[in-house]
Amino acid sequence: MINHALKEAVASRVLPRVQTPARYIGGEWNSVVKDAAAVRGRLCLCFPDTYGIGMSHYGLQVLYSLVNARTDWACERAFAPWIDMEQQLRNERLPLFSLETYTPLCEFDIVGFSLQHDLCYTNVLTMLDLGGIRLRADDRAADDPLVVAGGPCAWNPEPMAEFIDAFVLGDGEAALPAVCDAWIDSAGRGLSRSERLLRLAAGLPFVYVPRFYEPAASGVGPGMVRRTTAEVPERIEPAVLDDLDAAPLPTSPIVPWVETVQDRIALEIMRGCPGRCRFCQSTTIKRPLRFRSVESIVDAARAAYRNTGHNEISLLSLSSSDYRWFDELMQRMQSEFRPLHVAVSLPSLRVNEQLRTAAELLNTDRHGGLTLAPEAAREAMRVRLGKPITDDDLYAGCRKAFEYGFSRVKLYFLCGLPGEQPEDLDGIIEMAENVSRLAKEVSGRFATVVANVSNLVPKPHTPLQWEPMQTREYLTAARRHLLARLRHRTVQLKCHDVETSLLEGMFCRGDRRMAHAIEAGWRGGARFDAWSEQLQAARWWEAIAAAGIDANEVLHTRWPADARFPWDHIVIRQGRDYLARECCAMQAALCPGEAAPDEPRDV
């Protein structure tokens, strides 16, 4: 079961020389160890970031619980080792291993990556290399593990297509078990690796196997992907879980040994979003809108509390206050958990009339902060973005929160929006200061307000995919503009790094050529680029140029409606025509006299 020799080598020769060794030892409460001889197949879920971030990811807990609930499969975990751990493993010539049984990654049947952030791609290569798996999919032998990937970044799979055998699109609960069974079913039949992959691609419409597709030049735009054999689907249809209650919530989540980003019970209450924000990829790729029942949520919360002892329960969704039975759910949760001094939090609240009652329903003995995402400070811009929320609702909701003892508010905004004007930026500071002053009116003390400002990256499968991203010069000037207008000491401004945002744009909008830049960046030492202290942007721009990619074309070109993109073979529920109509509607909503998005006025 457990590779004791490797475990002993790691414990004696590696762990004494690394930071936070407890994140590499496994054996946590609720982790599952199965006998490899007693199961049909073995899957290792790999998260290409640190243990502290990966163990906070809800999807990992869901899939781990789902697969281990089966008697014929074992599911284990691995995380990207930090720089010191990677170096020690290489120095000692030891492989990257799973936490449950210290099994090297190359000994699993399937190795699955969750691609949550574009700048974690080099960590995937680190994990493959340390785990004894060949980097390039075409170089793998028949008995090598199947390397699969899913998550939001998989909706443009092309930048990682050279390294991943198969991308799994859509709801993991519906897709992953089918992939596991199909791969094992094809084993031991004398088939080559390519033949097994062809069966997988031909039999499961939500699986994209890049080796059977190739980039195809188009008349307009960067070009799309076409199949090289009629045996695979021309378009990839993501898997959909129709009945959310049919997929049990994880009621025995693993309790980490060390502090993680989210030390709490997490439960998804609905999937999808009723909003149609034109900048948001999640609202298009996670449709249709589905709800869990109140009873199933409360039952799962009760069981998870008994199995973990956490003192906070977070109810997850893209817009929790749009949950169909919101009031009933919150009343039931407060009745159940307030006597136990367990806080109930909602990390994603829509700014609407429901916000006026949310503070009362969230009232607990321990007040956390209120997190809201107006995205734009002016109502006209919000209407243009497809997010028609009002200032009245936002301020009324904040007032109610302050009446119930809340004293901190986070506001999330976007910078670099189409048609953005200096007054849109001024409004960010004004709104943050208004919220802080509102607390003074209610409670006699100013609230601490954090204005988080991200740079807009036009994502694939959104109405903004035809739009250019703003330039480095514009985004840098916008940041200076915001900082110059910050006056109130209770308002904090946090701006996302410009170089990071530009690189995110390159990775999420790139084509298959990006694989050459990714590998070159990795071989040049790129690791954990999503961490600001690790990112060396100049190295990436050199690698991108060396790969023959025109960064200006990828980032700053406005494409016509008939342009073809590298991700067009991935189908979304609403269809590409819907995105084009929404893009046109946004353009039409530009106010007379304002600059067009591709002609930004100096800030």
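Everything numeric in this text was worked out from a predicted model, so none of it was measured.
- Phe47 has its side chain within reach of Gln116: a pair of non-hydrogen atoms, C-beta onward, lies under 4.5 Å apart.
- A donor-acceptor contact under 3.5 angstrom links the side chains of Glu100 and Tyr64, judged on distance only.
- Note: Cys44 SG to Met127 CE = 7.0 Å, rounded to the nearest 0.5 Å.
- One finds the OG1 atom of Thr462 at 7.0 Å from the CG atom of Leu579 (value rounded to the nearest 0.5 Å).
- A pairwise comparison of heavy atoms in Pro48 and Ala80 identifies C-CB, 3.8 Å as the closest pair.
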Check step by step if side-chain contact (heavy atoms from CB on, under 4.5 Å) holds for Thr308 and Trp29.
CA-CA 8 Å; Thr308 64; Trp29 186 257; 5.6 Å; no
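- Between Arg193 and Asp144 there is no salt bridge, since no side-chain N of the basic residue sits under 4.0 Å from a carboxylate O of the acidic one.
- Two residues are said to be in side-chain contact when any heavy atoms from C-beta on lie closer than 4.5 Å; Leu198 and Val232 meet this criterion.
- Within a 6.0 Å sphere centred on NZ of Lys459, heavy atoms belonging to other residues, nucleotides or ligands number more than 12.
- With hydrogens and angles left out, the side-chain atoms of Glu312 and Ser345 include a donor and acceptor closer than 3.5 Å.
- Phe108 CZ to Glu76 CD: the interatomic distance, rounded to the nearest 0.5 Å, is 4.0 Å.
- The two atoms that bring Ser314 and Arg264 nearest to each other are CB-CD, 3.6 Å, heavy atoms only.
- Ser296 places no side-chain N or O within donor-acceptor distance of the main-chain N or O of Asp245, the cut-off being under 3.5 Å.
- Heavy-atom contacts from other residues, nucleotides or ligands closer than 6.0 Å to CZ of Arg211 number more than 12.
- Counting only heavy atoms from C-beta outward, the side chains of Leu105 and Cys46 approach each other to under 4.5 Å.
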Let me see the working for Asp49 and Trp531 under side chain to side chain donor-acceptor pair (under 3.5 Å), right down to the final yes or no.
CA-CA 10 Å; Asp49 211 321; Trp531 296 63; 3.1 Å; yes
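- Distance alone, capped at 3.5 Å, is enough to place a donor-acceptor pair between the Lys34 side chain and the Asn68 backbone.
- Ring-plane geometry between Tyr121 and Phe507 is classed as perpendicular, the angle between the planes exceeding 60 degrees on a 0 to 90 degree scale with a lower cut at 30.
- In this structure, the separation between CG on Leu315 and CD1 on Ile297 is 7.0 Å, given to the nearest 0.5 Å.
- Across all non-hydrogen atoms, the minimal contact from Cys180 to Ile110 is CA-CD1, 3.6 Å.
- A salt bridge is defined here as a Lys NZ or Arg NE, NH1 or NH2 lying under 4.0 Å from an Asp or Glu carboxylate O, and Arg292 with Asp299 fails to meet this definition.
- Look at Arg199 and Glu195 and you find no salt bridge, because none of the NZ, NE, NH1 or NH2 atoms lies under 4.0 Å from a carboxylate O.
- Annotation: the span from Arg290 atom CZ to Arg287 atom CZ amounts to 10.5 Å, rounded to 0.5 Å.
- Thr126 places no side-chain N or O within donor-acceptor distance of the main-chain N or O of Pro81, the cut-off being under 3.5 Å.
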From CA spacing to verdict: side chain to side chain donor-acceptor pair (under 3.5 Å), Ser252, Asn30
CA-CA 6 Å; Ser252 295; Asn30 291 332; 4.6 Å; no
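- When atom types are taken as modelled, the side chain of Tyr102 and the backbone of Ile25 share a donor-acceptor pair closer than 3.5 angstrom.
- Of all non-hydrogen atoms in Ile184 and Gly41, the two that sit nearest each other are CD1-CA, 4.2 Å.
- The side-chain heavy atoms of Ser114 and Leu60, taken from C-beta on, include no pair separated by under 4.5 Å.
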Can Trp522 and Val124 be said to form a side-chain contact (heavy atoms from CB on, under 4.5 Å), step by step?
CA-CA 10 Å; Trp522 176 75; Val124 174; over 6 Å; no
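- One finds the CH2 atom of Trp73 at 12.0 Å from the CG atom of Leu66 (value rounded to the nearest 0.5 Å).
- The two atoms that bring Pro159 and Ile518 nearest to each other are O-CD1, 3.4 Å, heavy atoms only.
- Residues Arg70 and Asp72 are paired through a salt bridge, judged by an N-O separation under 4.0 Å between the basic side chain and the carboxylate.
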Stepwise side-chain contact (heavy atoms from CB on, under 4.5 Å) check, Phe291 with Leu329:
CA-CA 12 Å; Phe291 302 90; Leu329 173 62; over 6 Å; no
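- Remark: side-chain polar atoms of Ser65 are not paired, donor with acceptor, to backbone N or O of Val62 under 3.5 angstrom.
- Side-chain contact between Arg512 and Pro566: absent, with no pair of heavy atoms (C-beta onward) separated by less than 4.5 Å.
- Taking the centre of each ring, Trp257 and Tyr51 stay at or above the 6.0 Å mark.
- The closest donor-acceptor contact from the side chain of Arg140 to the backbone of Leu135 lies under 3.5 Å.
- In the model, Thr103 has a side-chain atom that pairs as donor or acceptor with a side-chain atom of Thr101 under 3.5 Å.
- Distance alone, capped at 3.5 Å, places no donor-acceptor pair between the Thr260 side chain and the Met55 backbone.
- The minimum heavy-atom distance linking Ser186 with Leu191 is given by the pair O-CD1, 3.9 Å.
- Here Asp171 pairs with Arg271 in a salt bridge; the nearest charged N to carboxylate O distance falls below 4.0 Å.
- No donor-acceptor pair closer than 3.5 Å links the side chain of Gln88 to the backbone N or O of Asp84.
- Ionic pairing of Arg90 and Asp129 is present here: one or more N-O contacts between side-chain nitrogen and carboxylate oxygen are shorter than 4.0 angstrom.
- Looking at Leu249 and Tyr58, their side chains come closer than 4.5 Å, going by heavy atoms from C-beta outward.
- With Tyr323 contributing its side chain and Val294 its backbone, the two residues share a donor-acceptor pair below 3.5 Å.
- Applying the ring pair (Phe, Tyr, Trp, His ring centres under 6.0 Å) test between Tyr208 and each of Trp567, Trp155, Tyr213 identifies Tyr213 as the sole match.
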Please step through side-chain contact (heavy atoms from CB on, under 4.5 Å) for the pair Leu267 and Ile313, ending with a clear verdict.
CA-CA 8 Å; Leu267 299 170; Ile313 299 171; 4.1 Å; yes
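- Between Leu63 and Leu43 the shortest side-chain heavy-atom distance does not fall below 4.5 Å.
- For the pair Phe565/Asn156, no side-chain contact is recorded, criterion being any heavy-atom separation below 4.5 Å from C-beta on.
- Under the side chain to side chain donor-acceptor pair (under 3.5 Å) criterion, the residue pairs touching residues 4-20 are Arg13-Glu92, with sequence neighbours excluded.
- At least one donor-acceptor pair closer than 3.5 Å links the side chain of Thr283 to the backbone N or O of Gly275.
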